[in-house]
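Data first, discussion second: the structure below is written as structure tokens.
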Amino acid sequence: MPCERKPMRYGHSEGHTDVCFDDTGKYIVTCGSDGDVRIWESLDDDDPKSINVGEKAYSLALKNGKLVTAASNNTVQIHTFPEGDPDGILTRFTTNATHVTYNSSGSRVAAGSSDFMVKVVEMSDSSQQKTLRGHSAPVLSVTFDPKDEFLASASCDGSVAVWKIEEQTQVTSWPLLQKSNDVINAKSLCRLAWQPKAAKLLAVPVETTVQLYQRDSWAHVSTLSDDLGTQAINVVAWSPCGKFLAAGSIGGLLTVWDVESKLCVERQTHEKGYTVCGLAWHPSGGQIAYTDTEGCLGVLDGLSSSSSSSSTAAAKTVLHVIPFTTDTGSLKQGLDKFVDDDDAGSAIVPPAAVAAPLRPVYDGPMPTPPQKAFQPGSTPAHLMHRFMMWNSVGIVRGYNDDQDNAIDVEFHDTAVHHAMHLTNSLGHTVADLSQEAVLLACPGTDELASKLQCLHFSSWDTNKEWMVDLPKGEDVRALCLGQGWAAAATSALMLRLFSIGGVQRELFSLPGPVVCMAGHGEQLLIVYHRGTGFDGEQALGVQLLQFGHKRRQVIHGEPLPLSRKSHLSWLGFTAEGTPCFIDSEGVVRLLNRSLGNMWTPVCNTRDNCKGKSDHYWVVGVHENPQQLRCIPCKGSRYPPTLPRPAVAVLPFKLPLCQTTTEKGQMEEQYWRSVLLHNHYGFLSSSGYEIDEEGQSQAQKEQQELLMKMFALSCKLEREFRCVELAELMTQNVVTLAIRYASRSRRMALAQRLSDLALEKANQLQGEEPQDEEEEEPLQYTRRNTGSGLGRPGLAGGQHRVTNVLDSMMSSSRKPTALLSSSGSTGKLNKTPVLKPLAPRPKTKVQHNSQIETGFQLWLEENRRIILADNPDLEETDVIKEAMGRFRTLSADDRLSWTERAKGQSGDVADMKKRKRGEEESRGDENGQSDADETSAKKKKPLDTSAKLSAFAFNKN
């Protein structure tokens with residue numbers, strides 16, 4: 001009987017648990033010391049239904065759609081199944097009930113209690129009770145005779161008794177157990193079990209064995225044992241056929257015996273060695289569910305009842321030798337022969353598997369069931385009270401019970417709109433909420449079409465509601481709202497767009513079945529199945545559409561990167577408009593627009609969970625301040641609607657390496673700041689007003705972090721790394737880096753930084769021609785950092801520019817303000833004209849010879865970059881994109897461009913003359929000539945130490 005032990009699932013808090021199957025075997029039902037009963041559709045059910053029955057639940061039994069539980073309030077309660085509605089109290093005790101069980105027909109329930117009594121209660125009339133008195137200590141367990149004539153009970157007084165139910169008398173009693181004063185102190189729970197169908201044997205766990213007693217004669221007839229079992233057996237359970245007996249021990253050993261042959265046919269060990277306290281056979285006999293004292297649920301799957309003892313009878317005349325395979329969890333069977341009572345010469349080997357014809361077996365990866373469509377921010381639709389939507393605007397709750405079928409809409413800010421109560425007569429199951437409207441949808445039926453209903457409460461006219469019927473056979477699977485539009489994805493792989501007022505707009509086909517959607521402003525994010533996943537992986541694709549004046553597709557169906565063997569659990573946008581999603585492993589990923597629209601992990605909610613079954617249910621993401629707003633869910637993935645759950649705030653943290661070190665912490669802070677402030681550029685390019693003060697503060701924090709990392713690298717004598725960090729700095733912060741390097745007497749580093757400062761100054765002045773290549777995504781310039789590879793046309797790191805240090809040491813004039821001593825980003829005062837690294841291309845077209853504003857000047861010098869990034873833009877769109885990028889510059893930089901524009905507002909020819917004059921003057925002062933590039937080598941250099949020292953302590 002080889003079987004598979006499935007990985008265990010956390011179900012309840014630490015403490016005693018119990019388990020059973022329903023009559024059909026469709027559900028596994030557990031209870032625990034947290035007072036909850038959970039209904040699992042399978043071991044993989046991530047959202048088991050939960051029913052609270054009290055402070056603690058000690059035992060449960062289920063039959064004929066009635067669930068009875070022994071709770072800590074001294075009662076045995078009844079709930080309907082699977083609805084979970086309370087259906088009254090069956091009986092009461094003076095202390096806690098310890099164990100409950102049904103008879104074979106489900107007409108009676110027996111319950112044992114800590115007040116030493118056993119009660120037998122009729123389900124049809126709870127007033128019809130029989131009380132069995134005779135134990136002198138708390139009752140451990142009870143079990144019915146399948147013929148409903150006798151009842152057996154075990155007690156802490158050390159005895160196992162058999163009662164005649166109708167006469168309420170004790171038939172016999174065996175002193176088999178170790179005595180104790182309470183159930184919690186008992187060595188074993190001694191869960192008795194009566195053999196089903198034949199009803200011949202009563203199984204009693206005693207120490208490390210199971211004693212079998214015969215009905216009527218009450219004689220001990222057999223003992224089942226396992227040489228590997230060293231700890232007491234806690235609970236036993238018969239297979240539905242009555243031929244096998246399973247046992248769970250305190251040490252976590254699970255054993256299955258063939259009762260007739262007394263062979264151990266299966267042995268498994270709990271994955272962590274915890275005590276097994278609940279055990280139940282599936283009605284089909286092919287599965288065993290078990291629970292432990294840590295609140296976990298496990299399953300043994302693949303048990304076969306075909307290897308019954310009836311095979312031994314057939315083996316009396318024919319000896320069957322069948323090859324079998326074993327796994328690590330099963331005990332080799334058939335090796336120890338035993339002698340049949342009727343034929344001493346017959347050696348029997350119980351078969352492990354039924355012989356079958358050989359067939360080709362597929363041993364490759366198995367397909368993963370595709371996850372169903374869902375609405376982000378909602379709880380499952382099968383719940384009677386559920387959240388249909390929880391987002392940054394408000395909460396939509398749905399109620400579907402005997403009293404009411406309605407929808408409540410609540411706004412976080414009542415200035416948007418007052419709360420609404422809607423009658424859900426159409427049976428809406430999907431909802432979304434925005435600052436403008438409430439969007440609802442219901443599935444279709446045989447008679448009625450699927451409907452999309454919108455309550456446009458922000459409309460200025462009196463008709464604030466519209467509804468549309470979808471074509472027959474087409475149901476809404478997902479929906480979302482944006483600014484002035486609504487979208488619905490349907491079962492026909494279609495996406496339908498509507499205006500917020502109800503005008504039908506574009507529609508298009510989706511590449512696969514939709515999983516979910518989200519909207520924000522003019523952005524629409526769609527996730528769908530792009531194929532079949534394998535080995536637990538979901539194959540999802542994502543599209544990002546940008547509406548507005550010119551519509552475009554930003555993400556073209558690229559794969560959505562999920563964690564290993566996980567599924568999508570939330571999709572949406574940050575409050576600032578950045579796409580974001582979360583998978584079932586709790587990993588939060590943000591779209592990095594500056595890195596080619598890649599997804600970057602920014603948080604893992606599992607790092608903040610205390611228990612394995614705890615989760616965080618996300619309701620909102622904010623980039624400024626950096627917050628993940630979510631609801632803690634203990635032992636579940638979803639929160640209940642009542643009481644109103646409290647929202648917690650989790651911080652972001654990039655999963656960089658070695659974040660426990662000072663270097664790793666600063667690197668994480670810097671790149672997190674860069675990533676979470678990318679939205680300024682997007683909002684600005686989209687025509688939105690941005691918080692310039694917040695943007696400047698973010699840039700200041702980033703530069704401060706770079707300077708700290710620079711100082712740390714200097715201390716560690718990592719000069720190459722220092723130059724790499726300086727490439728990320730602004731020009732003025734590079735100045736501070738030069739000061740730090742010179743004061744630290746790192747002259748070679750200071751020299752390289754001065755070269756870098758010149759390059760950045762040239763870029764800022766716009767003198768350096770733009771490369772034909774696209775801009776680096778990380779927004780720093782590639783340059784020679786000591787690898788021996790200079791820019792094209794420059795050999796050996798030689799620069800055709802004036803050395804900054806030479807300029808600062810000229811005694812005949814005041815120190816230049818090219819490198820300001822201030823750490824903030826400020827404008828340049830009378831910056832000397834620097835030679836470009838390469839001559840300006842003569843073919844460059846001057847679009848506007850009379851430049852009047854700084855923006856026009858900036859546009860002319862950056863037009864090529866914009867067109868390289870967006871080759872399909874028209875002139876008006878180029879200007880719009882340029883305005884957005886120009887706004888992202890600091891106020892000082894924009895002022896610098898404006899002053900430059902004023903200086904260049906005259907005739908172009910005059911400007912060139914002035915430029916030539918300045919260059920000639922500059923060349924005379926420095927003693928250099930452009931005609932001879934090698935003169936720089938021949939010139940005798942000044943004392944570098946003197947130059948650096950003067951610069952480092954120059955306070956001007």
For this session: Taking atom CD of Gln553 as the centre, report whether more than 12 heavy atoms of other residues, nucleotides or ligands fall under 6.0 Å from it.
Result: yes
Problem set entry | Nearest atoms (heavy-atom pairs only) where Ile500 meets Leu481 | CD1-CD2, 3.8 Å
Problem set entry | Between CZ on residue Phe682 and CZ on residue Arg593, distance to nearest 0.5 Å | 4.0 Å
Exercise. How far apart are the C-alpha atoms of Gln435 and Ser458, what are their side-chain angles, what is the distance that settles it, and do they pass the side chain to side chain donor-acceptor pair (under 3.5 Å) test?
Worked result: CA-CA 8 Å; Gln435 300 276 358; Ser458 66; over 6 Å; no
Exercise. Between Ser566 (side chain) and Ser563 (backbone), is there a donor-acceptor pair under 3.5 Å?
Worked result: yes
For this session: In sequence, state the C-alpha distance, the side-chain angles, and the governing distance for Gln523 and Phe573, and then conclude on side chain to side chain contact (heavy atoms under 4.5 Å, CB included).
Result: CA-CA 9 Å; Gln523 300 180 87; Phe573 291 85; 3.7 Å; yes
For this session: Output yes when Glu41 and Lys26 qualify as a salt bridge under the 4.0 Å nitrogen-oxygen rule, no when they do not.
Result: no
Exercise. Could you go step by step and tell me if Thr490 and Asp475 meet the side chain to side chain contact (heavy atoms under 4.5 Å, CB included) rule?
Worked result: CA-CA 5 Å; Thr490 70; Asp475 285 349; over 6 Å; no
Exercise. Under the 3.5 angstrom rule, does the side chain of Glu558 hit a backbone N or O of His556 as a donor-acceptor pair?
Worked result: yes
Problem set entry | side chain to side chain contact (heavy atoms under 4.5 Å, CB included) evaluation trace for Cys630 with Trp617 | CA-CA 5 Å; Cys630 45; Trp617 193 67; 5.8 Å; no
Problem set entry | Distance (rounded to the nearest 0.5 Å) between Gln626 CD and Thr574 OG1 | 11.5 Å
Problem set entry | Stepwise side chain to side chain donor-acceptor pair (under 3.5 Å) test for Glu701 and Ser673 | CA-CA 8 Å; Glu701 292 174 356; Ser673 178; 4.8 Å; no
For this session: Please confirm whether the backbone N or O of Leu568 pairs with a side-chain atom of Gln371, one donor and one acceptor, at under 3.5 Å?
Result: yes
Exercise. Can you find a pair of side-chain heavy atoms, one from Val393 and one from His412, that are under 4.5 Å apart?
Worked result: no
Exercise. So do the side chains of Val396 and His428 get within less than 4.5 Å of each other, counting heavy atoms only?
Worked result: no
Problem set entry | Arg477 (side chain) donor-acceptor with Val515 (main chain) under 3.5 angstrom | no
Exercise. Tyr27 vs Phe81 aromatic rings, parallel, tilted or perpendicular, using cut-offs 30° and 60°?
Worked result: perpendicular
Exercise. Any side-chain donor paired with an acceptor under 3.5 Å for Ser42 and Asp44?
Worked result: no
For this session: Look only at the side chain of Thr445 and the backbone of Leu448, and say whether a donor-acceptor pair between them is shorter than 3.5 Å.
Result: yes
Problem set entry | Distance (rounded to the nearest 0.5 Å) between Gln375 CD and Asp432 CG | 5.5 Å
For this session: Report yes or no: do Asn678 and Asn592 form a side-chain donor-acceptor pair below 3.5 Å?
Result: yes
Exercise. Is it true that the side chains of Ser685 and Glu881 contain a donor and an acceptor less than 3.5 Å apart?
Worked result: no
For this session: In plain terms, say whether Lys49 and Glu83 are close enough for a salt bridge, that is, a side-chain N and a carboxylate O under 4.0 Å apart.
Result: no
Problem set entry | Basic-acidic side-chain contact under 4.0 Å: Arg551, Glu522 | no
Exercise. Heavy-atom distance under 4.5 Å between the side chains of Glu55 and Asn73, does that happen here?
Worked result: no
Exercise. Using 30° and 60° as the class limits, which term best fits the ring planes of Phe387 and Trp390: parallel, tilted or perpendicular?
Worked result: perpendicular
For this session: Please determine, by modelled atom types, if His567 and Ser569 share a side-chain donor-acceptor pair under 3.5 angstrom.
Result: no
Problem set entry | Note, Phe498 side chain near Val503 side chain (heavy atom, < 4.5 Å) | no
Seminar exercise, completed: When rounded to the nearest 0.5 Å, the distance separating SG of Cys480 from CG of Asn391 is 11.5 Å
For this session: State whether the number of non-hydrogen atoms from other residues, nucleotides or ligands found under 6.0 Å of Met467 atom CE is greater than 12.
Result: yes
Exercise. What is the minimum heavy-atom distance between Pro639 and Ile631, and which atoms define it?
Worked result: CB-CG2, 3.8 Å
Problem set entry | Minimum heavy-atom distance Arg887-Ser684, with the two atoms named | CB-OG, 3.0 Å
Exercise. Can you tell if the side chain of Leu525 reaches within under 4.5 Å of the side chain of Leu571, non-hydrogen atoms only?
Worked result: yes
For this session: Kindly indicate, with the supporting measurements, whether the criterion side chain to side chain contact (heavy atoms under 4.5 Å, CB included) is fulfilled by Leu297 and Leu43.
Result: CA-CA 8 Å; Leu297 167 67; Leu43 191 65; 3.8 Å; yes
Seminar exercise, completed: On a heavy-atom basis, the closest approach of Leu540 and Arg530 is O-NE, 3.2 Å
Exercise. If you measure from the Lys or Arg side-chain nitrogens to the Asp or Glu carboxylate oxygens, is any gap between Glu668 and Lys653 under 4.0 Å?
Worked result: no
Problem set entry | Ser459 side chain vs His456 backbone, donor-acceptor pair below 3.5 Å | no
Could you go through residues 30-37 and list every donor-acceptor pair under 3.5 Å that involves a side-chain atom there, pairing it with any protein atom two or more places apart or in another chain?
residue, atom, partner, partner atom, Å
Thr30, OG1, His12, NE2, 2.8
Thr30, OG1, Trp40, NE1, 3.1
Ser33, OG, Glu14, O, 2.9
Asp34, OD1, His12, ND1, 3.1
Asp34, OD1, Asp36, N, 3.1
Asp34, OD2, His12, ND1, 3.3
Asp34, OD2, Ser13, N, 3.4
Asp36, OD1, Asn52, ND2, 2.8

Problem set entry | Asp46 bridged to Arg9 by N-O distance under 4.0 Å | yes
Exercise. Is there a donor-acceptor contact under 3.5 Å linking the side chains of Thr368 and Glu537?
Worked result: no
Problem set entry | Check ion pair Arg397-Asp408 (N to O, under 4.0 angstrom) | no
Exercise. When Asp583 is tested against each of Arg606, Lys565, Arg589 for salt bridge (charged side-chain N to carboxylate O under 4.0 Å, His left out), which residue passes?
Worked result: Arg589
For this session: Find out whether Asp413 and His417 are in side-chain contact, i.e. whether some heavy atom of one side chain is under 4.5 Å from a heavy atom of the other.
Result: no
Problem set entry | Test of ring centre spacing under 6.0 Å for Phe547 and Trp485 | yes
Exercise. So, do Glu474 and Met494 sit near enough that their side-chain heavy atoms are less than 4.5 Å apart?
Worked result: yes
Exercise. Under the 3.5 angstrom rule, does the side chain of Gln453 hit a backbone N or O of Leu439 as a donor-acceptor pair?
Worked result: no
For this session: Search all heavy atoms of Gly482 against all heavy atoms of Glu436 and return the closest pair with its distance.
Result: O-OE1, 3.3 Å
For this session: Please answer whether the main-chain N or O of Glu692 pairs with a side-chain N or O of Tyr680 as donor and acceptor at a distance below 3.5 Å.
Result: no
For this session: Without swapping roles, check the side chain of Arg496 against the backbone of Ala488 for a donor-acceptor pair under 3.5 Å.
Result: no
Problem set entry | Atom pair CG (Leu590) and CG (Leu654), whose distance is rounded to the nearest 0.5 Å | 9.5 Å
Exercise. Do the side chains of Asn74 and Arg92 get nearer than 4.5 Å, heavy atoms only?
Worked result: no
Problem set entry | Considering all heavy atoms, the nearest Ala71-Gln77 contact | CB-NE2, 3.6 Å
For this session: Check whether the ring centres of Phe411 and Phe457 lie less than 6.0 Å apart, and answer yes or no.
Result: yes
